[in-house]
Amino acid sequence: MARNTLSRALHDLGLSAWFGGTLANAVALNAAAGEAGKDTGRVANAGWNRWTPVNAVAIGAHLVGSVGQLVGNRGRVAQQEGVASMSAAKTLLTAAALGATAYSRSLGMVVNSQDNPSSKSGTKPTKRTKAEVAAAQEQLDTLQWVIPALTGALVWISSYAGEQQRASEVLSGVRR
């Protein structure tokens with residue numbers, strides 16, 4: 001079995017940054033921005049704007065690594081029972097996480113269109129928040145948890161994929 005160290009590292013590091021950064025921002029940044037008083041919106045926007053390019057690189061690394069892993073394991077995908085269905089599920093989860101992330105970014109751009117939107121936290125509008133921005137913040141309040149849930153599921157399925165590579169699993173799962 002060939003080694004795929006580079007693609008595995010890109011896959012894992014990219015996914016871990018995507019998951020961990022998004023979770024940290026949901027847990028800490030949005031709540032901490034709420035402590036900035038009248039600058040809550042500005043602080044939340046600044047934090048997410050700093051994270052966006054890092055997240056883009058992380059997602060790109062994950063996708064490049066994922067393709068490398070798929071190419072490197074194409075024989076197992078074709079021959080080992082359960083690997084193709086795991087790969088399909090992983091692809092669907094990745095697509096869902098990408099979609100949620102892209103939609104979240106588009107909503108973030110709506111919030112970011114106001115230099116300092118009125119906000120209780122990064123995702124909690126006030127009564128003074130403009131309707132369009134408030135609607136985006138309310139959707140972001142949910143998406144900030146959806147994205148770590150989806151990427152966390154990707155971490156789980158990637159662990160399962162790693163277990164499928166154990167010699168005993170490969171031998172017992174080879175289709176005859």
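- Residues Leu63 and Leu98 have side chains in contact (heavy-atom distance under 4.5 Å, counting atoms from C-beta outward).
- A single hydrophobic cluster is seen to contain both Leu107 and Val111, as judged by linkage of ILVMFWY side chains at heavy-atom distances under 4.5 Å, directly or through other members.
- A heavy-atom distance below 4.5 Å is found between the side chains of Leu23 and Trp145.
- Residues Pro125 and Lys120 come closest through the heavy atom pair O-CE, 3.6 Å.
- Proximity of Val155 to Ser16: side-chain heavy atoms (C-beta onward) are nowhere separated by under 4.5 Å.
- Between Ile147 and Ser104, the closest side-chain pair of non-hydrogen atoms falls below 4.5 Å.
- In this structure, Met86 is a member of the same hydrophobic cluster as Trp156, with clusters built from ILVMFWY side-chain heavy atoms closer than 4.5 Å.
- Hydrophobic clustering (side-chain heavy atoms under 4.5 Å, transitive across Ile, Leu, Val, Met, Phe, Trp, Tyr) keeps Trp51 apart from Ile59.
- Here the closest heavy-atom approach between residue Ala97 and residue Thr151 is recorded as CB-CG2, 4.1 Å.
- Side chains of Tyr160 and Lys90 form no contact here, defined as non-hydrogen atoms less than 4.5 Å apart.
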Next item on the list: Mind running side chain to side chain donor-acceptor pair (under 3.5 Å) on Thr94 and Thr91 for me, showing each step along the way?
Entry: CA-CA 5 Å; Thr94 301; Thr91 300; 6.0 Å; no

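- Considering only heavy atoms from C-beta on, Asn25 stays 4.5 Å or farther from Asn30 through its side chain.
- Surrounding CZ of Arg8 are at most 12 heavy atoms belonging to other residues, nucleotides or ligands under 6.0 Å away.
- With a 4.5 Å cut-off on side-chain heavy atoms, Gln144 and Thr22 do not count as touching.
- Using a 4.5 Å cut-off on side-chain heavy atoms (C-beta onward), Ser87 and Leu70 make contact.
- In terms of heavy atoms, Pro117 sits closest to Asn45 at CD-ND2, 3.5 Å.
- By the 6.0 Å contact criterion, NZ on Lys124 is open, its count of non-hydrogen atoms from other residues, nucleotides or ligands being 12 or less.
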Check: Between Thr123 and Gln137, does a side chain to side chain donor-acceptor pair (under 3.5 Å) hold up when you go through it step by step?
Finding: CA-CA 5 Å; Thr123 60; Gln137 286 177 321; over 6 Å; no

